[in-house]
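Below, chains carry the letters A, B, ... as their sequence lines are ordered, and counting in each starts from 1. Note that this is a predicted model, so its numbers are computed, not measured.
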Amino acid sequence: MASRIEILNDGGFRSDGRRQFELRDISIDFSLQGTADGSVTIHHGLTQVLVSVFGPREAKLRSQTIHDRANINVEVTVAAFSTGERRKRSRGDKRLLELASTIKSTFEPVVQTHLYPRSQIDVFIQVLQLDGGLLPACINGTTLALTAAGIPLFDFVCAITGGVHSASPMLDLTTLEENDIPHITVAMMPRSEQVTLVTMETRLHVDRFEEIFRLAVDAGRVIHNEMRTAIQARTGSLVASLGSGQKVEGETGVVTMMEINES
Amino acid sequence: MPQIVIKKRPPEEAVITQRKFFKKTARGKVIKVLRERYLRDDVACGIVNCSACASPSTTLSYQGDLTHQKFPNGHYVLPDTNVFLSQMDLIESPLFTPPIILLQTVLEEVRHRSLPLYNRLKALVTAEDKAVWVFYNEYRSETAIVREEDESPNDRNDRGIRTATAWYNTHVALSRPPVRGQQQPSPPQIVLLTDDVANREKSQKEGIPCISVRKYIEDTKDANSLLDLLSATGSDDIEPTKAQAGASRTLYDEYLSTGTLLAGIKAGELHQGHFNANQYNYLEGTVPVPAFTKPVLLVGRANMNRAVQGDVVVVEVFDEAEWKAPGDEVVDQEATLKNDDADDSGEEGEDGEDGVPIVRERNPQADSKKVSVEKQPTGRIVGIIKRNWRAYVCHIDSTSLSSSSRTSHSLQTVFATPVSRLLPRIRLRTRQAPILLGQKILVTIDRWDVSSRYPEGHFVRALGGVGGKEAEIESLLLEFDVPYRPFGKAILGCLPVEGDKWVVPPKTEGGVWKDREDLRGLDICSIDPPGCQDIDDALHARWLANGNIEAGVHIADVSHFVHPDTPMDSEAASRGTTVYLVDKRIDMLPALLGTNLCSLRPHVERLAFSAIWELTPEADIVNVRFTKSVIASKAAFEYEEAQVRKDDPNLSDPITQGVRLLNTLARKLKAKRMAAGALNLASPEVKIHLDSSESSDPIDVEQKELRETNSLVEEFMLLANISVAKKIEESFPQTAVLRRHLPPPSTNFEKLQDILRKRKGIPLDVSSSRALADSLDQCVDPSEPAFNTLVRIMATRCMLSAEYFCSGSVSRDTFGHYGLASPIYTHFTSPIRRYADVLAHRQLAAAIGYTPLHPTLHAKANVERIMDTVNRRHRMAQMAGRASVEFYVGLALKGRGEKGEVREEAFVIRTFRNGLGVFVSKLGLEGLVMFKRDIQFDADNYTVTVPSSVGGKDVTISVFDKVTVRVEVEKDKNTQKGRVKMVLVSPVDSTGL
């Protein structure tokens, strides 16, 4: 008996009442945090991540500038209270550095960095609560925060985890499920039909891989819908609060550009 | 393409959809746990034609059960957790027919409380003759509840069950809209079945129909037979048992609390292990624990403290000064406890008068004489981690029936004596006592209170008259937990539609022939025991042009017919193995496959999985390949037939030459194996001659004969198994299905070594399998040829049993097979009768790229789980087979005994203070010779000295001595069961002793 909790019971329900292909609740909150240029709090089930984007701005360190494009700097911190067991993590934590560099490399081909040579885009990710699917939540949050900051992207990046319990694939795993079954994380770009990231830390048989991979890509489209609706709603409310719906400079303009990018 | 959706969980519902609690880990850390759940409206109620829930599969009929007197409009029952925990036998009974609604809350509670019961419950859910619907109430928005402040988890669950019952009742009413012009029939009721008085009161207040189990049963059609199935725990509130009424004194110590136990184990003060009862002495038991090399000894009932064979218990070990040696006396429960009265167990604790002292007095002299070496850790049981109670086959003890009630059908308390000597008697309340007398019955233990000397149980069902062959066989199957029901419809549905008309399609059609080699031209033959119907292996050998030899082993391609994840596959997995009884075979796969489509019968084209080697004439492997194939066996031999054919110089046809070639190779292979240190072990095997196939009355018993051809087949099967094991381990290092035999710890041999040294002056070197094989060869007594076999049998008993395992779950250096002296081994050659072989076939097929490996065989946890069942079934099947032989030997002896006295030669294998353990090799039978009179017993030298009766000389008998015994079958007056009794005839007649 591996664990007390049944990953998938005979009725086809998972331990939290979802079925195999049902994703957890996603809620997106764009309220601005401090002086950030764009920030978002994304709840994905019980995972909660706050992403703040600063920039493009001049790099703090000269050495970090790249002459023909912007440098993306990602820092991840995990709050001590975010997991079941209270644990402080140092800034040099190897897991977090790895996570940050994964996110960085995921976004490098997506952000139009060539528009901002010799500058830096800072992405600060704070994990407030953790219940599985950390990497996807960070990636989805970063996409939204970059959009909110008005940084031009080629496409959305939508990420999701998928796993397989004996022979049944399932999507969007909680910590409980992640501990028990092999899983992969896929980040895809819905418009260009490209995949920017696939990672796996458990052993998964190659025959199973394709099935889960395809499922995760399909799930990415569903998430894309959710994210786009959230952005449109925010743009709508911004336009409304500006009063007239006239063309204004600043953020709204950028978002319109985003919309053009998408369609 | 499945629909992918995002489930929404509105923040305002967080009160019921989100849960936060703190949990303390074993290390004492406090952990915050956050859980969420998604409530939904598509959890179906399971009633046929329900207008509100459109569910494709439903199990509950529209009107429910209409036969109960109290519910004329029809009803469904919704039992609470305790009903399943204590009344499972009732619910499993085929007479208990109402449709059952099983709540998720209940299912999970059962799972936490008892895994065996949970498994039975799951079997019930899928059973074809039961209507059970699992309702996931915790996920349905209307029935999900939250634990309130200062509400215990138990109360919360009870409330959840009530809420669900109430919801069901309104749901049923609402989902049947009135049709105009028709009289609306009143909807069926959902009845909460609970024995919890408080719960019933609360439900009545809320207007939920509820009833206690006993009340419910009283008004069913088959009330009389069902009432007996009620467990003792369920009857408390109605009529307290006498034992409880007189519970003024406790006979046993209370168990310590679980917390104390766990803390004690962790601190090393207490020890955990499985309780093993001593079959020679019911007042003694042992618990093997890792902390000591010898198992902890428990002497007396008080120290054994209500443990039953197989329970996981916690023991406290006494100071070393109080350590004792195991008793050297045979104490029979039946003989000593004749006079106990079933009705007043509480009172008879008075020692010494009519009952037996709880701790038997021991001879102090004998104790002090013992050298300290023999003493072993002694202790007492202070707690039970897990009960492993199941249903036991028993007889009603006729003396426990009061004489007046021998014919009456009133409720009375009787004793049931289990067939197994390892179990205590069970107190039982029944109305059918007179009918059950002289029958084998199935009894479950319900509880064992501190105030009750014996456990209390309830009757499950009758198996039939004692001595009747059917009843004996069935009780044997039950006792060893062998699943013997006929295959269900779903399983038979997995067979090929052509039935026995199925043939290998012509080669031109492709399909089956894809990637299969055509080996129909080879001279393949099979060699099996006489009367074998499930032929799963065939062989061939021929010379190659380069001077080497090609040898092939062809195994029935079962995996072509049994596909993973089908009902047939899961049934085979749970059966694990075919069980061979003397006159009966309990198949693992339906007979159509086992004895026909997969069986490699001669002159028929069959699918096979072949392993083909190129061997040098010296039997060194040049290379090996595996392939799926089509073969047509040219002949099916019996061992003897093949032997005759091989030895007949006049024959020189290709098949005979093939057999000769195989034989020469086999001899060389065997020589190599022996040189590597393989053990040549012996187990007492006998063959039963049956009268005719119909009557199957045993006529006689003889020892099995072994021929050269037996060894021929064996060598090639070993070769195939080893080659396959290497291949699948290489391809699937994490999940390969392998078999290993761990080297036995040298302490296991201590006693045998000691006996051999003292009695025969022969040393036994057990440092390695090689050393053991060599020193076993040295164990010869020129005057007694059978001595060597006897020592081998005794050595075999000291070893561990081989087991299946998953390659990823143990370290690489423990893969070895001790007995075969092979670094790696698996079972591949009998897929018709062993499930592990089917898995090996699938893995090998994937390893050679024939089919992709099914995902379940990639999951280590899954493979481990299957291995656990298969191991258990394998063990049980062996024991069942042995028990069946024993039973038939008994029958045969009875038959012989009628013609005259049965005298056999026997070896002494154990000595007791008041008896001898003897082994009759001709019958493969082990028995006890008891002395009523005092005899001198020398434990150090393993001898007993019998003082002669009339002034003659004393006779000394020791272990390994050859004696003559008279074997008789005597009927126990009490239980009517035939028992083999042995009486010493020579060197001294023990009749009067």
Point to revise | Sidechain N-carboxylate O distance under 4.0 Å for A/Arg221, A/Asp218 | key: yes
Point to revise | Short N-O contact, A/Glu98 and A/Lys94, less than 4.0 angstrom | key: no
Heavy-atom cut-off 4.5 Å, strictly under: side chain, backbone, both or neither for [X] against chain B?
| X | value |
| --- | --- |
| A/Asp10 | both |
| A/Gln129 | side chain |
| A/Arg208 | side chain |
| A/Thr83 | backbone |
| A/Leu171 | side chain |

Verify the neighbour count for atom [atom1] of [X]: are there more than 12 heavy atoms of other residues, nucleotides or ligands below 6.0 Å?
| X | atom1 | answer |
| --- | --- | --- |
| B/Glu12 | CD | yes |
| A/Arg95 | CZ | no |
| B/Lys8 | NZ | yes |

Check your understanding: Which residue out of A/His43, A/Arg19, A/Gln20 racks up the most heavy-atom pairs below 4.5 Å with chain B?
Key -> A/Arg19
**Study point:** Option that, when pairs with chain B are counted at under 4.5 Å, heavy atom only, ranks first among A/Leu204, A/Asn9, A/Ile223
**Key:** A/Asn9
Review point. Can you find a side-chain donor-acceptor pair between A/Gln33 and A/Ser39 that sits under 3.5 Å?
Key: no
Exercise for review: Decide whether B/Asp41 and B/Ser141 meet the rule of one side-chain donor and one side-chain acceptor closer than 3.5 Å.
Suggested key: yes
Which bit of [X] comes within less than 4.5 Å of chain A, counting heavy atoms only: side chain, backbone, both or neither?
| X | answer |
| --- | --- |
| B/Gln734 | side chain |
| B/Arg9 | both |
| B/Asp565 | side chain |
| B/Leu853 | backbone |

Review point. Going from CD1 on B/Ile848 to OG on B/Ser731, what distance comes out if it is rounded to the nearest 0.5 angstrom?
Key: 10.0 Å
Revision key, fill the gap. Distance col, row A/Asp131:CG vs A/Leu176:CG, nearest 0.5 angstrom, shows 7.0 Å
Please identify, among [options], the residue contributing the most non-hydrogen atom pairs under 4.5 Å to chain A.
| options | result |
| --- | --- |
| B/Arg865, B/Arg37, B/His858 | B/His858 |
| B/Glu36, B/Arg35, B/Glu108, B/Lys122 | B/Glu36 |
| B/Leu34, B/Val30, B/Thr126 | B/Leu34 |

Going by heavy atoms in the side chains, are [X] and [Y] under 4.5 Å from each other?
| X | Y | answer |
| --- | --- | --- |
| A/Asp180 | A/Glu177 | no |
| A/Leu144 | A/Ile231 | yes |
| A/Thr147 | A/Phe156 | no |

Exercise for review: Would you name the heavy atoms of A/Asn140 and A/Val157 that are closest together and state the gap between them?
Suggested key: OD1-O, 3.6 Å
Point to revise | Per-residue contacts, residues 132-140 of chain B versus chain A, heavy atoms under 4.5 Å | key: B/Tyr136, B/Tyr139
